[in-house]
Each structure stands twice: as structure tokens, then as C-alpha cells.
Peer 1: 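My questions all concern the structure below.
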Amino acid sequence: MDAVWILPVLLVLPLLLWTSSTFVFYFKKCFYVAYMMLLAVIAIPICILKSGGRDIENMRVIRFMVRHVKYFLGLRFQVSGWEHLQTDGPYVIISNHQSSLDVLGMMEVLPDRCSTIAKKELLWAGTVGMICWLGGIVFINRKKTSDAKNVMSDAAKTMLADKIRLWVFPEGTRNQNGGLLPFKKGAFHLAIQAQGLTADDVTLLSEQSFGIMRSAFLEISGQSVQSNGPSTH
Ligand SMILES: CCCCCCCCCCCCCCC(=O)SCCNC(=O)CCNC(=O)[C@H](O)C(C)(C)COP(=O)(O)OP(=O)(O)OC[C@H]1O[C@@H](n2cnc3c(N)ncnc32)[C@H](O)[C@@H]1OP(=O)(O)O
Ligand SMILES: CCCCCCCC/C=C\CCCCCCCC(=O)OC[C@@H](O)COP(=O)(O)O
């Protein structure tokens with residue numbers, strides 16, 4: 001008798017999924033969070049048994065487990081230029097950041113021995129936080145620049161010593177305004193340390209990367225690339 005209320009729910013749910021795109025959006029969003037939490041529950045013991053704790057090799061497990069999630073959400077990815085990531089040694093990957101779904105794109109192309117920089121708040125996201133820690137994700141406090149810079153300097157040393165790669169979202173936050181936010185500098189400080197450049201190269205490297213990413217972003221979005229004249233970001 002107590003379960004009688006389930007019947008209207010079971011009837012209304014398909015109706016809403018069929019008729020309301022807003023409902024579908026929020027349904028998928030909740031599913032995504034819940035499913036990633038569940039996948040993390042499965043991945044945590046696997047990583048601990050495989051690597052004994054925090055280890056960048058755990059990113060292989062995470063990558064493997066996340067790659068099928070796109071099918072549930074009706075997403076597909078087209079990858080080009082993947083071969084450029086198949087080089088030895090440390091390097092920095094930068095990407096724009098529109099949504100938490102970016103993680104799915106990231107896992108499509110994530111090379112071996114590559115982790116990422118993330119805001120420290122993610123550490124407290126339940127099982128997802130724990131799997132991020134096990135995967136060697138580097139957590140920074142965005143509100144304390146000096147702390148973040150120290151953490152990233154240590155990460156640069158680890159990158160060189162252990163030949164690891166780091167993925168950075170240089171906009172520093174999610175942005176859905178149809179363009180790119182000005183880049184933060186941390187990714188480029190990492191890159192110069194990994195490639196033997198100097199601090200004088202940071203601004204140029206950042207501006208060039210911004211220009212290239214903006215052009216690609218607009219092209220993919222189907223918008224025409226307009227000249228901004230001198231760099232304004
Ligand atoms: C099985 C289920 C599994 C599910 C799990 C899935 C796992 C996937 C997880 C994916 C996680 C994704 C998370 C994404 C995020 O969290 S994005 C948010 C965090 N990322 C960032 O913030 C990007 C990195 N940030 C930076 O690089 C910033 O530069 C920062 C270091 C934080 C400083 O920021 P800020 O002060 O706001 O601005 P500036 O960049 O302008 O820097 C100020 C001056 O400091 C100089 N600087 C910066 N960094 C360095 C450095 N490393 N060394 C020396 N100096 C540095 C910079 O040049 C500026 O000075 P000048 O103006 O040039 O004089
Ligand atoms: C104790 C329970 C807490 C529950 C919290 C749920 C947290 C989310 C859990 C699963 C979501 C799927 C994993 C994707 C991780 C994506 C991380 C992400 O995209 O973070 C945003 C960050 O880059 C920038 O943050 P802001 O845009 O500055 O904000």
C-alpha cells in the first residue's frame with residue numbers, strides 16, 4: 001500500500017521527459033552528478049588496490065571509467081590533432097572551461113601520466129573529491145594567490161622530475177558567455193618551467209595561446225573570427 005505513490009511518479013516522469021526539454025536538462029544534470037559519484041565509488045577501491053594510494057597512474061582508471069558516460073547524455077566528441085599529444089616528456093595542456101561536462105571531453109583525449117589543476121573545493125565533493133585526490137589532481141586555493149603559486153611551483157618541479165603532464169583551465173572558472181575569459185598566468189609559468197623558457201616569455205606565450213584558442217573556439221562555435229586589433233585581454 002505504501003508504494004502506491006510510486007505509480008503517479010512512474011507515469012509523470014516519462015511524460016515530463018517526453019514533453020519538457022527543461023526537465024530533460026535538469027534530469028540529465030542530476031543523473032550526471034549521481035552517476036559520477038557512483039563511478040567514483042567503484043573506482044576508489046580499484047585505484048587503492050592498483051596503486052596503493054595517490055598516484056598519477058590512477059588517472060588511467062578514471063579515464064577508462066568516465067569514457068562511456070557521454071552515451072547516457074547523448075554527447076559525442078570529434079577529436080582532431082590527438083597525435084600532437086603523443087610526445088615524450090612533460091607538457092601543459094590548456095583548454096577552455098564552460099561546464100562540468102568538460103571532464104567528459106578531457107577524458108576523451110587525456111594522455112597517460114596527465115593530471116589536472118583544480119579548485120580546492122572539489123576535494124570536498126564526496127567520492128568525486130576522493131577519486132580526484134587519488135588521481136594526483138593538484139588542488140589550489142584560488143582566493144590565496146601566493147598559496148596557489150607555491151602549489152603550482154611544486155607541481156612544476158614534480159612535472160619535470162617525474163615527467164608528468166598537467167591540464168589547466170587557464171580561464172580559472174567556468175564561463176558560458178560565448179567567448180573566453182582573460183587567461184590566468186599559472187599555466188604559462190608551469191609551461192616555461194617545463195620547457196626551459198624564462199618568466200619574460202609568460203606574457204607572449206599567454207597572448208599567443210589565447211589568440212589560437214579563441215580562433216579555434218569561434219570556428220567550432222560557427223562564429224566568424226573578428227580581429228580585435230591590439231590585444232585587449
Ligand atoms: C570515476 C569518476 C571520476 C570523476 C572525476 C573526474 C575528475 C576530473 C576532475 C577535473 C577537475 C577540473 C577542475 C577545473 C577547475 O577547478 S578550474 C579552477 C581552477 N583552475 C585554475 O584556477 C587555473 C589555474 N590558475 C592559475 O593558474 C592562476 O594563475 C593562479 C595561480 C591561481 C593565480 O591566479 P590570480 O592571482 O587570480 O591571477 P594571475 O594569473 O593574473 O596571477 C597573478 C600574478 O601572479 C603571477 N603568477 C601566477 N602563477 C605564477 C606562478 N606559478 N609562478 C610565479 N608567478 C605566478 C602572474 O604572472 C601574475 O603576475 P604578473 O601580473 O604577471 O606580474
Ligand atoms: C558531499 C557531497 C557533495 C556533492 C557535490 C557534488 C559535486 C559534483 C560531483 C560530480 C560532478 C561530476 C564531476 C565533474 C567535476 C567537474 C569539476 C568542475 O567543473 O568544477 C568547476 C570548476 O572547474 C570551476 O568552478 P567555478 O566555475 O569557479 O565554480
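First listed ligand is number 1; within each ligand, the first listed atom is number 1.
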Peer 1: Among protein heavy atoms, which sits nearest to atom 30 (C) of ligand 1, and what does the distance come to when rounded to 0.1 Å?
Peer 2: Ala148 CB, 4.5 Å

Peer 1: Any idea which protein heavy atom is nearest atom 8 (C) of ligand 2, and the distance to it?
Peer 2: Val33 CG1, 4.2 Å

Peer 1: Counting N and O atoms only, with roles assigned by atom type, does the side chain of Arg142 sit under 3.5 Å from a partner on the main chain of Lys119, one being a donor and the other an acceptor?
Peer 2: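 No, the answer is negative, given that no donor and acceptor are paired below the 3.5 Å cut-off.
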
Peer 1: Of all the non-hydrogen atoms in the protein, which one sits nearest to atom 36 (O) of ligand 1, and at what distance?
Peer 2: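 Among all protein heavy atoms, the one nearest atom 36 (O) of ligand 1 is Thr145 OG1, 2.7 Å.
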
Peer 1: Which of the numbered atoms in ligand 1 are under 4.0 angstrom from any heavy atom belonging to Leu122?
Peer 2: 11 (C)

Peer 1: Sub-3.5 Å donor-acceptor pair from the side chain of Asn141 to the main-chain atoms of Ala148, do we have one?
Peer 2: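 Side chain of Asn141 to backbone of Ala148, a donor-acceptor pair under 3.5 Å: no, none is there.
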
Peer 1: Is it true that a side-chain atom of Asp154 and a backbone atom of Val151 form a donor plus acceptor pair closer than 3.5 Å?
Peer 2: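 Side chain of Asp154 to backbone of Val151, a donor-acceptor pair under 3.5 Å: no, none is there.
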
Peer 1: Nearest to atom 25 (O) of ligand 2 by heavy atom, Met37, Gln176, His97, Lys119: which?
Peer 2: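 Looking at heavy atoms only, Lys119 sits closest to atom 25 (O) of ligand 2.
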
Peer 1: Less than 4.0 Å between atom 55 (N) of ligand 1 and some protein heavy atom, yes or no?
Peer 2: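 Under 4.0 Å from atom 55 (N) of ligand 1, at least one protein heavy atom found.
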
Peer 1: Report yes if some N/O of Ala40 lies less than 3.5 Å from some N/O of ligand 1; otherwise report no.
Peer 2: no

Peer 1: Counting only N and O atoms by type, is there a donor-acceptor contact under 3.5 Å from the side chain of Asp201 to the main-chain atoms of Thr198?
Peer 2: yes

Peer 1: Which residue owns the protein heavy atom closest to atom 29 (O) of ligand 1, what's the atom, and how far is it?
Peer 2: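 The closest heavy atom on the protein side is Gly186 N, 2.9 Å.
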
Peer 1: Atom CD1 in Ile220, atom CD in Gln78: separation rounded to 0.5 Å?
Peer 2: 9.0 Å

Peer 1: Considering heavy atoms of the protein only, find what lies nearest to atom 5 (C) of ligand 1 and give residue, atom and distance to 0.1 Å.
Peer 2: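 Closest protein heavy atom to atom 5 (C) of ligand 1: Ile131 CG2, 3.9 Å.
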
Peer 1: So among Val202, Thr145, Leu205, which one has a side chain to side chain contact (heavy atoms under 4.5 Å, CB included) with Lys185?
Peer 2: Val202

Peer 1: Is it true that His68 and Tyr35 have ring centroids separated by less than 6.0 Å?
Peer 2: yes

Peer 1: Quick one: which of Val128, Thr173, Ile137, Val103 has a heavy atom closest to atom 16 (C) of ligand 2?
Peer 2: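 Selected option, by shortest heavy-atom distance: Val103.
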
Peer 1: Just to be sure I'm reading this right: ignoring hydrogens, which of Thr203, Val168, Val151 gets closest to atom 24 (C) of ligand 1? Compare them by their nearest heavy atoms.
Peer 2: Val168

Peer 1: Looking at atom 13 (C) of ligand 1, what's its closest protein heavy atom, distance included?
Peer 2: Ala118 CB, 3.6 Å

Peer 1: Heavy-atom pairs closer than 4.0 Å: do any link ligand 2 to the side chain of Met36, the backbone, both, or neither?
Peer 2: side chain

Peer 1: If you measure from CG on Leu190 to NZ on Lys157, what distance do you get to the nearest 0.5 Å?
Peer 2: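 One finds 12.0 Å between CG of Leu190 and NZ of Lys157.
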
Peer 1: Kindly confirm or rule out an N or O of Trp124 lying under 3.5 angstrom from an N or O of ligand 2.
Peer 2: no

Peer 1: Short N/O distance, under 3.5 Å, between Arg142 and ligand 2?
Peer 2: yes

Peer 1: Checking contacts now, so for atom 42 (O) of ligand 1, which I'm interested in, is there any protein heavy atom under 4.0 Å?
Peer 2: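 It does not: no protein heavy atom is found less than 4.0 Å away from atom 42 (O) of ligand 1.
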
Peer 1: Quick check: does any side chain N or O of Ser51 sit under 3.5 Å from a backbone N or O of Gly53, one acting as donor and the other as acceptor?
Peer 2: no

Peer 1: Among all protein heavy atoms, pick out the one at the shortest distance from atom 21 (C) of ligand 1; state its residue, atom name and that distance to 0.1 Å.
Peer 2: Gly172 CA, 3.7 Å

Peer 1: Between the main-chain N or O of Leu104 and the side-chain N or O of Arg67, is there a donor-acceptor pair closer than 3.5 Å?
Peer 2: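 Answer holds: no.
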
Peer 1: Which one of Ala34, Gly172, Ser100, Ala125 has a non-hydrogen atom at the shortest distance from atom 7 (C) of ligand 2?
Peer 2: Ala125

Peer 1: Say whether Trp167 and Ser115, considering side chains only, have a donor N or O and an acceptor N or O under 3.5 Å apart.
Peer 2: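 No, no side-chain donor-acceptor contact under 3.5 Å.
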
Peer 1: Any side-chain to backbone donor/acceptor pair from Gln176 onto Gln98? Under 3.5 Å, distance only.
Peer 2: yes

Peer 1: Where is the nearest protein heavy atom to atom 23 (C) of ligand 1: which residue, which atom, and how far?
Peer 2: Phe169 O, 3.3 Å

Peer 1: Per the side chain to side chain contact (heavy atoms under 4.5 Å, CB included) rule, which among Leu110, Ile93, Asp112 passes with Leu85?
Peer 2: Ile93

Peer 1: Students should be able to answer this: which protein heavy-atom is nearest to atom 4 (C) of ligand 1, and at what distance?
Peer 2: Met36 CE, 3.8 Å

Peer 1: Measuring from atom NE2 of His189 to atom OG of Ser206, what distance do you get when rounded to the nearest 0.5 angstrom?
Peer 2: 9.0 Å

Peer 1: N/O of Lys119 under 3.5 Å from N/O of ligand 1, yes or no?
Peer 2: yes

Peer 1: Do Trp133 and Leu123 come within less than 4.5 Å of each other through their side chains, counting heavy atoms only?
Peer 2: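 Side-chain contact under 4.5 Å: yes.
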
Peer 1: Just to be sure I'm reading this right: ignoring hydrogens, which of Lys185, Lys149, Met152 gets closest to atom 47 (N) of ligand 1? Compare them by their nearest heavy atoms.
Peer 2: Lys149

Peer 1: Is it the side chain, the backbone, both or neither of Arg174 that has a heavy atom closer than 4.0 Å to ligand 1?
Peer 2: neither

Peer 1: About how many Å separate CD1 of Ile56 and NZ of Lys163, when rounded to the nearest 0.5 Å?
Peer 2: 13.5 Å

Peer 1: Report yes or no: do Leu73 and Met37 belong to one cluster of Ile/Leu/Val/Met/Phe/Trp/Tyr joined by side chain heavy-atom distances under 4.5 Å?
Peer 2: yes

Peer 1: Could an N or O of ligand 1 be found under 3.5 Å from any N or O of Lys184, whether backbone or side chain?
Peer 2: yes

Peer 1: Using a 4.0 Å cut-off to any heavy atom of Ile137, which atoms of ligand 1 qualify?
Peer 2: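 Counting atoms of ligand 1 from 1, those under 4.0 Å from Ile137 are 9 (C).
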
Peer 1: Purely on distance, is any nitrogen or oxygen of His189 under 3.5 Å from one on ligand 1?
Peer 2: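 By distance alone, the answer is yes.
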
Peer 1: Give the numbers and elements of all ligand 1 atoms closer than 4.0 Å to a heavy atom of Ile62.
Peer 2: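 Every atom of ligand 1 under 4.0 Å from some heavy atom of Ile62: 3 (C).
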
Peer 1: Which of the numbered atoms in ligand 1 are below 4.0 angstrom from a heavy atom of Val103?
Peer 2: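 Counting atoms of ligand 1 from 1, those under 4.0 Å from Val103 are 6 (C), 8 (C), 10 (C).
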
Peer 1: Could you list which atoms of ligand 1 come closer than 4.0 Å to a heavy atom of Ile140?
Peer 2: 21 (C), 22 (O), 24 (C), 25 (N), 32 (C)

Peer 1: Is it true that a side-chain atom of Glu171 and a backbone atom of Leu181 form a donor plus acceptor pair closer than 3.5 Å?
Peer 2: yes

Peer 1: If you measure every N or O of Ser153 against every N or O of ligand 1, does any of those distances drop under 3.5 Å?
Peer 2: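 No, no N or O pair falls under 3.5 Å.
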
Peer 1: With heavy atoms of His97 as the reference, note each atom of ligand 1 found under 4.0 Å away.
Peer 2: 14 (C), 17 (S)

Peer 1: Please check if a non-hydrogen protein atom sits closer than 4.0 Å to atom 60 (O) of ligand 1.
Peer 2: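 Under 4.0 Å from atom 60 (O) of ligand 1, zero protein heavy atoms found.
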
Peer 1: Does ligand 1 have an atom that lies less than 4.0 angstrom from a heavy atom of Val202?
Peer 2: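 Contact absent.
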
Peer 1: Would you give the length of the straight line joining atom CD1 of Ile46 to atom CD1 of Ile48, rounded to the nearest 0.5 angstrom?
Peer 2: 10.5 Å

Peer 1: Supply the atom-to-atom distance Leu16 CG to Phe27 CZ, rounded to the nearest 0.5 angstrom.
Peer 2: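 Separation between the atoms: 10.5 Å.
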
Peer 1: Could you tell me, atom by atom, which parts of ligand 1 come under 4.0 Å of a heavy atom of Cys132?
Peer 2: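 Numbered from 1, ligand 1 contributes 7 (C), 9 (C).
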
Peer 1: If we only count N/O pairs under 3.5 Å, is Arg174 in contact with ligand 2?
Peer 2: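 Yes, at least one N or O pair falls under 3.5 Å.
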
Peer 1: Give the atom numbers and elements of ligand 1 that come within less than 4.0 Å of a heavy atom of Ala187.
Peer 2: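 In order of number, 27 (O).
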
